[in-house]
Each structure stands twice: as structure tokens, then as C-alpha cells.
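Here the structure comes first, spelled out in C-alpha cells, and everything after it is commentary.
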Amino acid sequence: MAVAAAAAAALWRPQEEGLREICGILEQHISASSDQARVWQQLQHYSQFPDFNNYLAFILAHAEGKSVEIRQAAGLLLKNNLRAAFNSLSPTYQQYIKLELLPCLGAADRTIRSTVGTVISVVVQLGRVQSWPELLQALVHCLDSNDLNHMEGAMDALYKICEDIPEELDVDVPGLSERPINIFMPRLLQFFQSPHAVLRKLSLGSINQFIVMMPTGLLVSMEQYLQGLFHLAHDPSADVRKLVCAALVQLIEVRPSFLEQQLRNVIEYMLQANKDPDDEVSLEACEFWSAYCDGSLPPDGLREFLPHLIPVLLSNMAYADDDESLIDAEEDESFPDRDQDLKPRFHSSRFHGSDDGEDDDEDIINVWNLRKCSAAALDVISNVFGDEILPSLMPLIQSKLENTSDATWKEREAAVLAIGAIAEGCFNGLLPHLSQIVQFLIPLLDDKFPLIRSITCWTLSRYSKFIVKGIGSQEGHERFDKVLMGLLRRILDSNKRVQEASCSAFATLEEEAAEELAPRLEIILQHLLCAYGKYQKRNLRIVYDAIGTLADAVGGELNEPKYLDILMPPLIAKWQQLSNSDKDLFPLLECFTSIAQALGPGFSPFAEPVFQRCINIIQTQQLAKVDPVAAGVQYDKEFIVCSLDLLSGLAEGLGGGIESLVAQSNLRDLLLQCCMDDATDIRQSALALLGDLARVCPVHLNPRLPDFLHVAAEQLKPSGVKEAVSVANNACWAIGELAIKIRQEISPVVLTIISCLIPILQNAEGLNKSLLENSAITLGRLSWVCPELVAPHMEHFMQSWCTALSMIRDDYEKEDAFRGLCAMVKVNPSGGVSSLAHMCKAIASWHEIRSEDLHDEVCLVLNGYKQMLGSGPWEQCLSTLEPSVLHSVEVIESKGCSRLWVGVSTPARSQNNLKSNSSMALASPAHQEPCSSGGSGPFNGLIICVTGLSKEARKQVMAATERLGGQYSASLHPHCTHLVVQISFSSYVLLVSRFLEGGFIFDGRKFEHALKHGSRNGLLIVSLGWFVDSVKRNVRLSESLYSVRSVEENGLPLGELNRLVGYTSAENSCLPAMDFGDAKPCKTTWQSHLQSPRKEFRNTESVLSKACIYIDPYISCEMKKKVVDVAAREGANFLDHWFAGCHATHVVCEGLSVQRYMGHTSNLITPVWILKTVKEKYMQRLVHLSSDLARQISLLLENAQTNLPGQDTVRVATNTKSPTCEILKDSLIERQKIVDIAKQGVRSRRNRRMQSCQLPLHPFTPSNLLDSICWSVSDPTASACIYTESSETEEASRDHSPVFLDARDDGRNSDTSFDNLSRPLRESDKREVILKSHFLTILFPIDRFGELGPSARTFFSDGGFTCLRVLDMIYNFYQENMSADEIVVAIHTDSRHADRLRSIYASKESIDHDVSVKRIDFLGSRRNFESLKRVGGENNCNVYELLIRA
């Protein structure tokens, strides 16, 4: 240290006069009575001198004659200066400061040592540890000394470095044989045994900073670290115990496997720590429960402790005696708001397409404490364990609520808080008692204690859905009114805490109730506006929010004079009272935005002054940004954002009515300036307004339209998307809105925009969903208005674009996108051929194409490709589709057009024509009489009712029925003769899947009623096809061919199924002839496009233009890249997966891999064949074999490989052979090398946070199997149970009295009421055929964390698969030993099971005997069965993924 001081003195010395002046300034700086503004100016003046920081360092280190406060002030000022300008200092001054700091590590005063540690951390952060090797030497020297001051000073500095920049200690430093963390780790662990609490605290706190990073130094010392933690668990210092709890919380979050063996002891310790007398220790311990539930450990580990944990959490949820909220709660409205109460607020910019944003519940006091942490833990636990916790929790809540004395009000308040905390997780278990719970809570709204009134408001809001859903019944209606009026009373409460809670709760209720509030609008507005007149600033913001939420909820219902007379005058008065620089304008602007959107044109009387003020605010703030003095206000971007959003609200509400206001203003120029602003939230709101104006008055954007388009396109570049995805989202949406308004005027920038949209769609993973949807829609709109510009490039983006289109919900924007798709195909049909399967998936994503003309266009596209490709390639394309997609496409293709029928007014066919149609020849003569005018006709005497049709289609049915002499009935009654059934698009997909599985079920109340009771009245249930064909032929056809009842009773042949949904032969199709041109034959038109000289990216004359190539996975990555590069340039397409019968034209393979493909694929080629073909520009020679001969050769090759002389046979669990099997023959030394490499790979990946293994529960759909089974795959199938429906126990539940609030209940009923309901599998359950297919492929998870990916196994069954057989297959798979191939790969995974496997694999015994590890043992705790989920994608109709969880 003395050497460092001498070296510093040699570099620089202070001048006495300067030292005296600076010390004087610092003395004034710490004096409360001095003029701080003047002092600050002087300090800024001194900071201009290059050696000012040297003076500060000298004062900190040597001014022992000065007070500690002056030295500390010098150090803190030095820290701030270095943070701003360290790298700009000369190297000499940097070195001087470093040298002065090091001796101070052992300063006698703790304050000086702490300040020096802070400065050292900043220097390391800015200058890196490699540039200061002396620091590491000094820290080690101090830590190894016996001087407490030196040890504490070094530990303090080291702790701050670990806290701020832990990664700096895990780097290689020149001159050191080890990384710094490896040098310090043993010393830090040694300090766990120190007699000095401060050293124990700092050493533990330092190591804790590395848990998430998990460097090698800590990983190899983990056992010692855990022992040290357990040693410190009962440390007398509360600070140390707090850090122990913090360490265990971090470990359970990111490295739970380290605690698995001691998990029980850890949980028991945390239970005790949760009751620690020190609040900070108990708070840190309480964080453990949420971390455990959110982590990857199985819930079973915590389940048995719940009866002990829940009482602790409930006890800690009561207010502590020193809680600041108790003091704040006593303040009523007579107390003025304090400055700290008026927190800054920030406006959220408009984001088009965001539908998943949710506001978190806000408590009034934002300090995180034990009460809130306990409530949060109970919330998380309830979501994990659900109704299981109710038997332990509800008796405690009941007991606390029964004690009504004033002294126990905190206990009652905690009980109400607990009811709210479990609202989501335990909803099902509470449902039978919720009526009682709500009835009990309503009187608490008027409790004498403000905090009980406050928490009751919040708890009731948590059950808003239940309260609103019950409105349909008399009891529920009365309950809703009581809650509504109770909250309105509390809105007018005199206590400010209750005011805030009630307004927030009422806003939540508004969102759920929506239009149900309309009949109560007057009284609601009266209460809100009364509160508006009495609230102070802080709570006034919440009233604005409640008013805005009300407007959003009721919409146009608010647009009545009696409501506006209550609402608008106070708001307008406040609007006029506030200045343009008053931040209280923010919530008012937001409130007006919601009101303007709700009132629509009804806001017109207030629009002009609001519009003009927004313009003025934007102008003023833009001026303030460059010249605050001239503007008269300080710049604040929030004013611009709020004003832009209010203008958007006006545009959305007024529609075209805003045009006159825009025309008379300079909004266009202001908006363009905002679109180019540096602030992302200003650009976000500006682009939202640009899109809104494009919809209602695009003409006023025209003079600056190119500028707007250029600015918007800039936001879509990769750098813009990465920087501000919300801005890119709004820019994309605005461009789409402009495109459909200005049409061809957008053509100059179309290709620029397309070039930005394609990367977004092609790199969709991890991107905002709304951005992907808007990109797909905008790309479609650009294709619609400028197809000739976009179509030549379509093959480069069709697949990713169609994938994005399939994710968009049905609406008018999706219609626009598909119009673009159809327009592009008309221009360049060949560009879509390679993506035809993706196009079909996108088309099948429609629930219903409501637009008739779009439906017709889509049909033209499908039939056009069918004619263009011919039946063979078309059928081959369809064979790659999933069944649901295939049937959906066939529905659209067969219907031909969206109109219910075509040519109804054309003359009826002759009898001869009818008889020649075999499908219709069975109509009886009585039903073939031609229609005549008047009351007679084929439908004379018929009363027809329909179900499943749109409103427009019903009108057409009614008109046609009456024209043919029948009567139409909107409702189904006993006099109806026919019920015509139509199947919706989405129902059709479900219908087909059920049909294929052996059942056939229609939905709809009319249909269900007709099935049960129709036969007694002679009601005929027929498909829509009967009605359509009868009308087209002007006869009443026989109903027997169209009977829907026969489907249910006897099943339905595929031909009849097609007819049921409207499919007819080509002869009878209502589809017009395919024609993409003007009266040209379809086939000619498509051929002309194929031969068109239009320049495209793909060369149609390339040698591989028609090749579809699959590359074997054993081809090296380097060679695969070469093949893909050269073949793609020649127009080849590539397959990701190969199977026998796929449409691969060529398979690239080498060596023994050829066995897999011989006999199944005609063209087997090597990578060299591809490279040579491309180089010489002609197809190289191929040798062809018949398929049977090829298979014989394949068998010979396999036998030859198996029987090679001198080789030992390796026993494996499967018949799969691969090169990796040879690894098992290596020597013990070779195996040890492999294990070392595997370990190193694991360690290098361990800095990534462990992902949770739990998968969400999926609802029952046709694509899931056995999702109601409760079973562990490690247990015999006899132990499997099935979850029962609540209806099975409904009778039993009626016999039990309600558990809640029954003071005399002994709790036995409680257990039965809240248990999960399940029962063992019955014989009928076991024999039930769950999959009628002959083949079933299951993807089995192999390891604990899913690193290996699944293992596929295919099973065959002639009669389908029963429940028990599938469970047996799963159980038997996991009882097998892992194959040799799997073991070789599994040693590289990261889990404790892999550690054991590596040890076994590298042992001498494994050379003499095969490695034997059961699959179930390597799977770890991930054993709980969830379901079998069908895998999406091509050719996967019988492939199911096994979902299991820990």
C-alpha cells in the first residue's frame, strides 16, 4: 500500500490553494443552510479543470484533518464524475486515481472504506478488470491479512463489484493463471466461518451474485457452498439469515436440481424462516413459495407441507403494527395530498392490434412487504394446487371472519384479502359457495374500518366475472345491483384509500359488465361526477379512468342528452381550467379519447375546441423542444403523445366528420414531424393517427403522401423493428390502411415495403404477434392494389406469408389480404405452385368466408390450380395436407361459390335431364311436378325451418321457399315439416374428424330438439343439399337421400358426406368455368402465364427447376450447405422430411444410408452428382432399378454390414443401426475422453437459465387423446384413474351443507367438497377405442428437460387402439432399457441423471457389459401423464406427442 501511495505522489501533487478552495466548496455542499444552486454552479466550474478529479481523490484518501462527511462527499462526487467522464481522462490521471484508492481499502473509518469500494466498482465497470491488475493483488492481500479493517474494506469493494458487474470476475486476465472468480471463491467460502458478522454477510452476498451466471468456479464448489449455506442458516445475524434465504430462493428458481436431495430440509427451514422475528428475513423467505411454484420442481414436494404453510401465509397477511398503510388509511378527504402521493404518471401510446395487454392490479401503497408477498404466494399456490388448499384455508378464514371485535379487525381484513387472492386458482372449488361469499362481503363495504372497506372492494372485483354472469337469474340480478350500489357508495367515501380502491374495483366491474351497465347509466354517472367534484388530484386520476372505462364499456349507449348533460359540463369546465402545460391534462385527454370513440358523431358539438387545443399543444411542445423560452413551457413529450391519441380517438369516433377540422388545420405537417420524432412513443402514436386519418380522410394527406410513406417504410427496416416493435407495428398497419385508399399511388414504394415485410414474416419466432398479423395483412393489401408489382416475387415469401395468414382471425382485414392472394395468383399462378400446400392451409383457416365475391375468387384459385396441375399432381399435393385442412379445402372447392345457389331463375331441367342424373333419379313422381305460380308448387304444404345458416342465407331460403309454394318458419314448432341443417366451416372440420372416428354429431339447439322429438310430429331432418338441389330443379326431391338422421344411425359413405356439405359432381357444380382472363378458357389462361416472358426470380429453364430434393441427415453440414446453395440457384425445392411415398424427386445420400431409400425412391444421388449437374448444366446419368430388386440389394447390404467378420455384436434395445453404435466398442480411455467432452459441453451451457418442464393443460379437442387420464407413466396401468365430471357428483353435493361460514362444521365435509374428483378406470373405459386408425406413432420424451427431443415409435392395430392398450404401450416403453444410440447422446445432457449415466458409461464394467439404464430412470421426475396431442404438419394425422410433466 505504501508503494502505491509513493507511486501516486510521483504522478501528481495538489496545490494547497486549490485544495483549500475545493474543501471549502465541499463543506458548503454538505451544509443544509448554504445556497445549493450556487454551490452546484461552482462545482460545475471546477469540473472543467482536467485534474479536478485528482483533487477529489486526494481529499478522499488523505484529508484526515477534514471531517469524514467532507471526505465522503469528495468520494461520491468523484464517483459521479468518473461515471460520466472516466474514459476521457488522460491515462496518467486514471492511474493516479487508481493508486490513491488502493491504500484506502484498509482506512480506519468504515464510511471511507465503503465510499472507496463504491468508487472502485465504478472504475472497474468503466475500465475493465484487465486494465487494473494491481486491484486484484490488493484485494487478495487484504483478504489474506488478519486486519479486520483491511478484510472488511476489501470484502466491501469485492461485494460491490460482484453486485454491479459479476461477469468481470469470470474472464481471463493476462498474467493470471486463473480467472479472478476462481481465486476469490475459496477465500469467500472460508469467510463463512468468520467470527465477524460483517464478513459473513459480505462473503455470502458476493457469492449469491453468481448463482444465475453459475461460473465454473462456483459450480465446482457447489457442495461446499451448500454446506456453508446450511451452516449459516441459523446465524445470529439477521442480515446473514436474510442472505441465506435469498440464496435458496435463487437456487430454486434457476438451479433447483442442486436442492433436490435436501429439498425437504430446505422447505422445513423456509417455513421456520417465514416466521422469523425479523421482518426482512421472513419477507425473503416468503419469496421462496412463489419461486418454487413457478420453477420446474414437481408440486408433490410441497404438497405435504401445505397444511403447515397456509396458516403461516395467512398470519403474515395481517397488517404489521408499524405498517405505513395504517397511518395513511386514517387520512380522509380533508387532508391535502402530499407531494410524494402525486406520483409521476405515464401515458401508454396507442398500439394497433394489441389485444392481450392487461393492467396489473395496483395496491395503494407500492412498498413491497411481507403482507403483499404472502398474499402473492397464496395466489400462486392456489393456481398450482387449486382446490386442494381449500380444506386447510377455508376454516382459518371462517374463524377469522367470525371474530367481529374491534381488536381483531386486522385478522378479518387479512381473511378478506385471502379470499381475493385465491379467486383465480380456487374458483371451481369456491363456485358452489360464491353466492354466500359475495353476500357476506357486501356488508363489509360499510365496515367501520377503512382498510376493511378498501380490501373488500378489491376482493369483490376479483369475482367480477361471477357477479356479472349471474345477472340472468333473479338472484344474480339482485346480487349484481347490490355490489354495484355498494361500490358506488364507496366511491363517495370520505377516506381517500377507500376512494381509490372502490374506483379501481368499479373500473374492473365495468369491463366485465359492459352493456349490462346501460340501464344504470344515470345513477353511475351521478356518483362518478359527484366524486369528480370532491376528489383531490391523486384520486381524480382514477375517476378519469373509471369514466373512460365506462365509455369503452357502454359505447353508443352513452350518446343520449340526459347522460351528456351529467357527464360533459364538469369535464369541459376542467378542460378550460387547466393550462396547456398542466400535467393534469394527461388523464383528462385520455378520458376524452374514450368518450369521443364511444359517442362517435355524438361528440361533434365538443369536437372543434378539443381538436384545436390538441393542435395547439403539439405546436407548443414542438417549439419547446428547440426553444423553451420562446414556447413559455418546458418540453414534455407526454403532452404530444396524449394529444395525438385524442386526435386518433376523434378520427375513430367522428369518422368522415373530422374532415372539415383537418382541412382547416396544419395537422398534416405537424403529424409528419411527429412521425419523424426521435421519441419512439411519439412516433408510435403519430403513425396510429396516420392510419386513422387514412381511413376517414386520405385526401388531406395527399400533398405529403410520399413523405409519409417513406417515413413509415423506414420503421419497418430490421433496425427499426428491433429498436421499437410497437412503432413498426403501427407503421405497418398505417401503410395497409393507406394502400386500400390511395390504390395505385402507393406503387413507387411497394417493393421497398415488401422487402421490409418479408424478413419479418420469415423470422417470425419471438416477434410480436400483432406485428406478424399486420405484416401479413399489409402485404396482402399491397398485393391487392398492385399485384403486377408483387406477383413476380411471390414464390420467395408465399410459405411464410400463408403461415401468418392462417393465424389471423376472420374479419374484413383478412378478407383484404386474401383478395391480394387471389390477385397475385391471377398474375403469376406458377409462382404459387411450390407453396400450394401452405396456401391450402391458409384457406382452410377461415371459419366462414362471408364475402361472396371473395369466396368465388378463392374457389377460382383452387380449381385453377387443379386444372393447371392435372389430377395426379393435384392429388399428390392434397395428400400432404392434414385431414382437417384437406376436408376444409374440399368444402370450398366443391361449393364453387359462396352463393346459396346459382341460377335459381333459370328454366328447370326437363324430365329427361333429371332422369339421366343418376344421383337424383330416385325422386318420386309426386315430388317432380313443376312449380306454378300462386299457392301451388313443389313446396306446397311444406313448412321449412333452418339451422346453422347466416342471416343473409336465411333470407334467401325464405324467398325461395315462398316462391316454390311453401312456408318459411324462423322458429321450430310442431307444425314444421322440414328442418334444413347447414354445417358451418369450423363445425365441418370437427364433423369430418368425428365421422372418421366413427361418430357423426351436429350441434345446435334446434337440431338436438328435432332429434329427440321430431319423429313424433313427422319432422324430416335434411341437409341443405336437399333444399339447394330441389330449388335448382324446381321439384321436391326425395328426402331419404338427404336425411341427416341416417348419418347418426348408420354412418355415412364418403360420397354422401360430400353431398351433405354441398359437394356435387363437376356436371352439377354451380362453380362457373375457371377463367382468370377476359372470357379466355381457363386452361389457356394459366398456360399463357406459365409461358409469359415476365421476369421472375426463378429461371424456369434451369436444370433442377422441377426437382424436389431431400438431403439425408448423415450428409455433413458443409456439404449440405453446398448442395442447397447450388441447387436452389437452379430452381430446386427442398423437403425437410422424407417418408415412403412423399413427392421427393431426388434423395441425396451416401454410404450405408442408401439402404433406407432403396426401393422407395427412384433417383438416389450423391452430393457430387448435384454439384456436377449444376456445373455442366445438364442432368448426369442415373442408373435405375426396379423397386423389388432395389429392396433386395438393400437387404443384402444390411446383412453384409451385420455379419462383417471380426466384429462383436452390440446389443441395443432397438433395431436401428447408425454409425454412433461403433462408439460403444471404444476403449475405456476413449470413453473417458468422450465423457470429458460431454461434461465440458454441459458446463458451457449451464449459464443459461433452466426452463420449466411443466406444460399447460390442453382442453379436450379432437386432436387430443386421453386428456382426462390421471396417471404416472412409471406406475402399472392398473393405477390409472380418470377425472370425473362435476355432474357425476352433483347429487352428492346437494346433500352437503355449504362449507363456507359454517362455524359448527368439523371440517370433514370440507375435505370431500374440495378434493379433485377422480375414479379408477372401469372395464368399459379400458376397452374404449380411442383411435380407429390402424397406425399410431407416439413421440416419447426421453429426458428430464427435453434436451434430447422425442423418440418416435410406431404401433399397428387391426381394430384400432383402446385406452388400455395405449397406456400399456407407454408403460412398456419406459420400462425398457435405453438403446446404445440414446446413451451415447444422453451423456451430453444436463441433469443429475446424466451425471450418473456418465459415471456408468466411463466405468471399466461398461466395457465388459452393456450399459443398462431404464428409460424411466433417465426421465427423472417428469412422469405425470397429461395427454397425447396430435402433431401438426404434413402427413402427421396419426402422429401424437406424449405430454408429461414433473
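Computed over heavy atoms, backbone and side chain alike; hydrogens, waters and symmetry mates excluded.
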Evaluate Trp458 against Val416 for side-chain contact (heavy atoms from CB on, under 4.5 Å), listing each step before the verdict.
CA-CA 9 Å; Trp458 176 79; Val416 177; over 6 Å; no

State, with a plain yes or no, whether a side-chain heavy atom of Phe440 is found less than 4.5 Å away from one of His433.
no

Where Ala291 and Glu253 come nearest, the two heavy atoms and their spacing:
CB-CG, 3.5 Å

One should read off an interatomic distance between Leu571 CG and Leu529 CG, to the nearest 0.5 angstrom, of 6.0 Å

Evaluate the side-chain contact (heavy atoms from CB on, under 4.5 Å) criterion for residues Arg303 and Glu388: first the C-alpha distance (whole Å), next the side-chain angles of each, then the deciding distance (0.1 Å), finally the verdict.
CA-CA 9 Å; Arg303 181 172 278 110; Glu388 292 181 54; 2.6 Å; yes

Any Lys/Arg nitrogen of Asp235 or Arg200 sitting under 4.0 Å from an Asp/Glu carboxylate oxygen of the other?
yes

For a quick test of reading the model, state the closest non-hydrogen atom pair linking Ala518 to Val554 and the distance between them.
N-CG1, 4.3 Å

So among Asp493, Asn495, Asp446, which one has a side chain to side chain donor-acceptor pair (under 3.5 Å) with Arg453?
Asp493

One should read off an interatomic distance between Cys245 SG and Leu232 CG, to the nearest 0.5 angstrom, of 11.5 Å

Taking all heavy atoms of Arg462 and all of Glu424, pick out the closest pair and write down the distance.
NH2-N, 4.3 Å

Just how far is it from atom CG of Leu434 to atom CD1 of Ile467, taken to the nearest 0.5 Å?
9.0 Å

Go through the steps to decide whether Asp278 and Lys242 satisfy the test side-chain contact (heavy atoms from CB on, under 4.5 Å), and finish with yes or no.
CA-CA 9 Å; Asp278 187 282; Lys242 175 184 173 183; over 6 Å; no

Any donor and acceptor pair, going by atom type alone, linking the side chain of Ser504 with main-chain N or O of Ala501 inside 3.5 Å?
no

Pairwise side-chain contact, Leu390 with Ile422, heavy-atom cut-off 4.5 Å (strictly under):
yes

Heavy-atom nearest pair, Arg541 first then Pro587, reads CG-CG, 4.1 Å

For Lys496, is there any backbone N or O sitting under 3.5 Å from a side-chain donor or acceptor partner on Asn539?
yes

Can you measure from CD1 (Ile566) to CD (Glu522) and round to the nearest 0.5 angstrom?
4.5 Å

Would you say the side-chain atoms of Tyr269 pair up with the backbone N or O of Ala233, donor to acceptor, closer than 3.5 Å?
yes

In the structure I gave you, are the side-chain heavy atoms of Leu302 and Leu297 within less than 4.5 Å of one another anywhere?
no

Taking the side chain as every heavy atom from C-beta outward, state whether Glu411 and Asn403 have any pair of such atoms under 4.5 Å apart.
no

Between atom CG of Leu306 and atom CH2 of Trp289, what is the distance when rounded to the nearest 0.5 Å?
9.5 Å

With no hydrogens and no angle check, is any side-chain donor or acceptor of Ser382 less than 3.5 Å from a backbone partner on Asp379?
yes

A side-chain contact here means heavy atoms from C-beta on lying under 4.5 Å apart; do Val249 and Met270 qualify?
yes

Indicate the atoms forming the closest heavy-atom contact of Cys591 with Gly548, along with that distance.
SG-N, 4.2 Å

Can you find a pair of side-chain heavy atoms, one from Leu430 and one from Tyr463, that are under 4.5 Å apart?
yes

Backbone of Val498 reached by a side-chain donor or acceptor of Ser502 within 3.5 Å
yes

Arg520 bridged to Asp481 by N-O distance under 4.0 Å:
yes

Is Tyr563 close to Met568 at the side-chain level, that is, under 4.5 Å between some pair of heavy atoms?
no

Could you check Ile381 against Tyr292 for side-chain contact (heavy atoms from CB on, under 4.5 Å), going step by step and ending with a plain yes or no?
CA-CA 9 Å; Ile381 288 172; Tyr292 184 100; over 6 Å; no

What closest approach, in Å, do Arg412 and Ser405 show between heavy atoms, and which atom pair accounts for it?
NH1-O, 2.8 Å

Steps toward side-chain hydrogen bond (donor to acceptor under 3.5 Å, both in side chains) verdict (Glu478, Gln474):
CA-CA 6 Å; Glu478 293 174 359; Gln474 180 65 29; 3.0 Å; yes

Under a 4.5 Å cut-off applied to non-hydrogen side-chain atoms, are Leu283 and Asn369 in contact?
no

Main-chain N/O of Ala507 paired with Asp545 side-chain donor or acceptor, under 3.5 Å
no

Gap between atom CD of Gln526 and atom CG of Leu492 - 0.5 Å precision
10.5 Å

Take Asp321 and Lys410 through the salt bridge (Lys or Arg N to Asp or Glu O under 4.0 Å) test and state the conclusion after the steps.
CA-CA 10 Å; Asp321 292 336; Lys410 294 178 188 175; 2.6 Å; yes

Regarding Trp409 and Asp447, do their side chains bring together a donor and an acceptor under 3.5 Å, going by distance alone?
no

Do Arg241 and Asp276 meet the salt-bridge criterion of a basic N to acidic O distance under 4.0 Å?
yes

Does Glu475 have more than 12 heavy atoms from other residues, nucleotides or ligands lying within 6.0 Å of its CD?
no

